[in-house]
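Both ligands and their constituent atoms are indexed starting at 1 by order of listing. Worth saying up front: this structure is predicted, and the values here are computed from it rather than measured. Numbers here simply count residues along the sequence, with the first being 1.
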Amino acid sequence: MTTRFYSHPIYLEHLTPAGHPERPDRLRAIARVLEHDVFDALDRVEATLGDEATILYAHPAEQLERVKAQIPAEGIARIDADTSASPKSWEAALMAIGAANAAVDDVFTGKADNVFVAARPPGHHAEKTRAMGFCLFNNAAIAARHAQKAHGAERIAIVDWDVHHGNGTQDIFWDDPTVLYCSTHQMPLYPGTGAKNETGAGNIVNAPLSPQSGGELFREAFESHILPALDDFRPDLIIISAGFDAHQRDPLAEINLEEADFAWATAELMDRAGRWSNNRLVSLLEGGYDLQGLALSVAAHLGRLMKG
Ligand SMILES: [Zn+2]
């Protein structure tokens, strides 16, 4: 099993206001834990800039231009109460898209079985026409469309275990039966969407969890909702919106998962990728705001991806 890992120094230059949880130190914490020799076999690749035109796979041209116009020449510009941009944010966002699309290319051309992308800014809150929730563009949605357009994939599944509902991904694929969107998330919690009865064209599977749910109910949500939906859908590619803010140490939520729960979910999705997708699995970092919880969770996730 070849596992690729994408990152790039530009991701550290997307700056947020002092005290903001979505900060460059998140990627430094991931880089530190990956120095351990158990990760020696990881195929580490530096990301390259994405093609700006691929943003249009998930967002209209006016939205691309709106975000571009909000990038400041200096300092930090507020896009909304939670979301901001700094001078290098455009390049970081394009590099995040570039890595996600390259990861898709890698699993379709056989350069890797699975890939983890440690990029910032994250993407799953970015709706078609709105940047929000620390996200500028929807990296997972763009990568899913890229798989369809560049590799002829028919059915893409996006599984989102970030503790927040991926309202952006749901918005983009709401009426598109070629993309299955499955999410576990804490409810009630930001952004407020993700109720069970939000089902789109039958392609949206929301499995909300109450605060303090813990690993057992998280696994049950996978076993009773998400894994059966994947088996019915038979995806050509599985994309994980891999947020690690459901970890018990995380300051933004109370689902109280442990890193072993992320390893378990990883193994289950690898099993489905083996069954339906020729092992093709692309995992994109979303949230995760306690540095230790994030690093331990990414280590468990990547360790499992590498084990095959
Ligand atoms: Zn989150």
Visitor: To make sure I understand the geometry: which N, O or S atom in D162 is closest to the Zn ion (ligand 1)?
Guide: OD1

Visitor: Would you say the ring centroid of H59 lies under 6.0 angstrom from that of F137?
Guide: yes

Visitor: Kindly say whether the aromatic ring centers of H125 and Y190 come within a distance under 6.0 Å.
Guide: yes

Visitor: Within the stated cut-off of 2.8 Å, is an N/O/S atom of E286 closer than that to the Zn ion (ligand 1)?
Guide: no

Visitor: Taking the N/O/S atoms of D245 one by one, which is nearest to the Zn ion (ligand 1)?
Guide: OD2

Visitor: More than 12 heavy atoms of other residues, nucleotides or ligands under 6.0 Å from CZ of R28: is that the case?
Guide: yes

Visitor: Name every donor-acceptor pair, under 3.5 Å, that has one atom in a side chain of residues 237-244 and the other anywhere in the protein, sequence neighbours excluded.
Guide:
unit_1, atom_1, unit_2, atom_2, d
S241, OG, E286, OE2, 2.7

Visitor: Look at H164 and state whether any of its N, O or S atoms is less than 2.8 Å from the Zn ion (ligand 1).
Guide: yes

